[in-house]
Amino acid sequence: MRLQDEPDIPSQINIVPMIDVIFAILTFFIMSTLFLTRSEGLPVNLPKAASGQTDRPAQVTVTINKTGQIFFNKKPIVLEQLENEVRQQVQPQQQVMVVINADEGVNHGQVVGVMDKVRQIEGAKLAIATQKP
């Protein structure tokens, strides 16, 4: 007795589960990048300013914490060395943005002293970090 031949069903690859996995991975990466923040300075309580504007991340950050210590790109520094450190960051024909992160409890005279040192450098722009209220 002869059995009937089964019709040849062409092979197929089901890609629906693969698409689900790809979307799950894509969702994971999107959600994880939302939690990444770039911190340019040390944590300090910034003063509030309604006219503050968000600018592109600075190349150089000077932080003055609550106790009055000065940090240049997260490294402790003395005020007299600040000018030389910033000058080393300035490239010919290029400007450097120097952002001052000063705690709101810091003496006004110390912030002005840091600003004065930075303004003596040609090619350095000055900005003060604030928070919106």
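Heavy-atom basis, side chains included; hydrogens, waters and symmetry copies ignored.
The shortest heavy-atom contact between P47 and A102 is CD-O, 3.7 Å.
For the atom pair N45 CG and Q131 CD, the distance stands at 7.5 Å (nearest 0.5 Å). The CD atom of E85 sits 9.0 Å away from the CG atom of N73 when rounded to the nearest 0.5 Å. T61 OG1 to N101 CG: the interatomic distance, rounded to the nearest 0.5 Å, is 6.0 Å.
Looking at residues two or more places apart in sequence or on another chain, you find a side-chain contact (heavy atoms from CB on, under 4.5 Å) between D20 and V16. Not a single side chain to side chain donor-acceptor pair (under 3.5 Å) links D103 to another residue, sequence neighbours left out. Applying the side-chain contact (heavy atoms from CB on, under 4.5 Å) criterion to F28, with sequence neighbours excluded, gives no partner residue. L26 pairs by the side-chain contact (heavy atoms from CB on, under 4.5 Å) definition with F23, I30, not counting sequence neighbours. Remark: E83 engages R87 in a salt bridge (charged side-chain N to carboxylate O under 4.0 Å, His left out) (not counting sequence neighbours).
Residues K66 and V44 are not in side-chain contact: their nearest non-hydrogen atoms beyond the backbone lie 4.5 Å or more apart.
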Worksheet item: Passes side-chain contact (heavy atoms from CB on, under 4.5 Å), T130 versus K48? Steps please.
Response: CA-CA 6 Å; T130 60; K48 311 274 190 267; over 6 Å; no
Discussion item. Q110 vs V112, test: side-chain contact (heavy atoms from CB on, under 4.5 Å). Steps then yes/no.
Written reply: CA-CA 5 Å; Q110 189 168 13; V112 171; over 6 Å; no
Fill in: Criterion side-chain contact (heavy atoms from CB on, under 4.5 Å) on V62 and F71, from CA distance to verdict
CA-CA 6 Å; V62 177; F71 295 88; over 6 Å; no
Worksheet item: When you look at N84 and L82, which way does the side-chain contact (heavy atoms from CB on, under 4.5 Å) test go after all the steps?
Response: CA-CA 6 Å; N84 291 333; L82 179 64; over 6 Å; no
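Considering I128, I64, V106 as possible partners of V114, the one that fulfils the side-chain contact (heavy atoms from CB on, under 4.5 Å) test is I64. For the side-chain contact (heavy atoms from CB on, under 4.5 Å) with I121, the qualifying choice from V98, V86, L126 is V86, the only one to do so.
The stretch residues 109-125 participates, sequence neighbours left out, in no salt bridge (Lys or Arg N to Asp or Glu O under 4.0 Å) pair at all.
A side-chain donor-acceptor contact under 3.5 Å links N65 to the backbone of G68.
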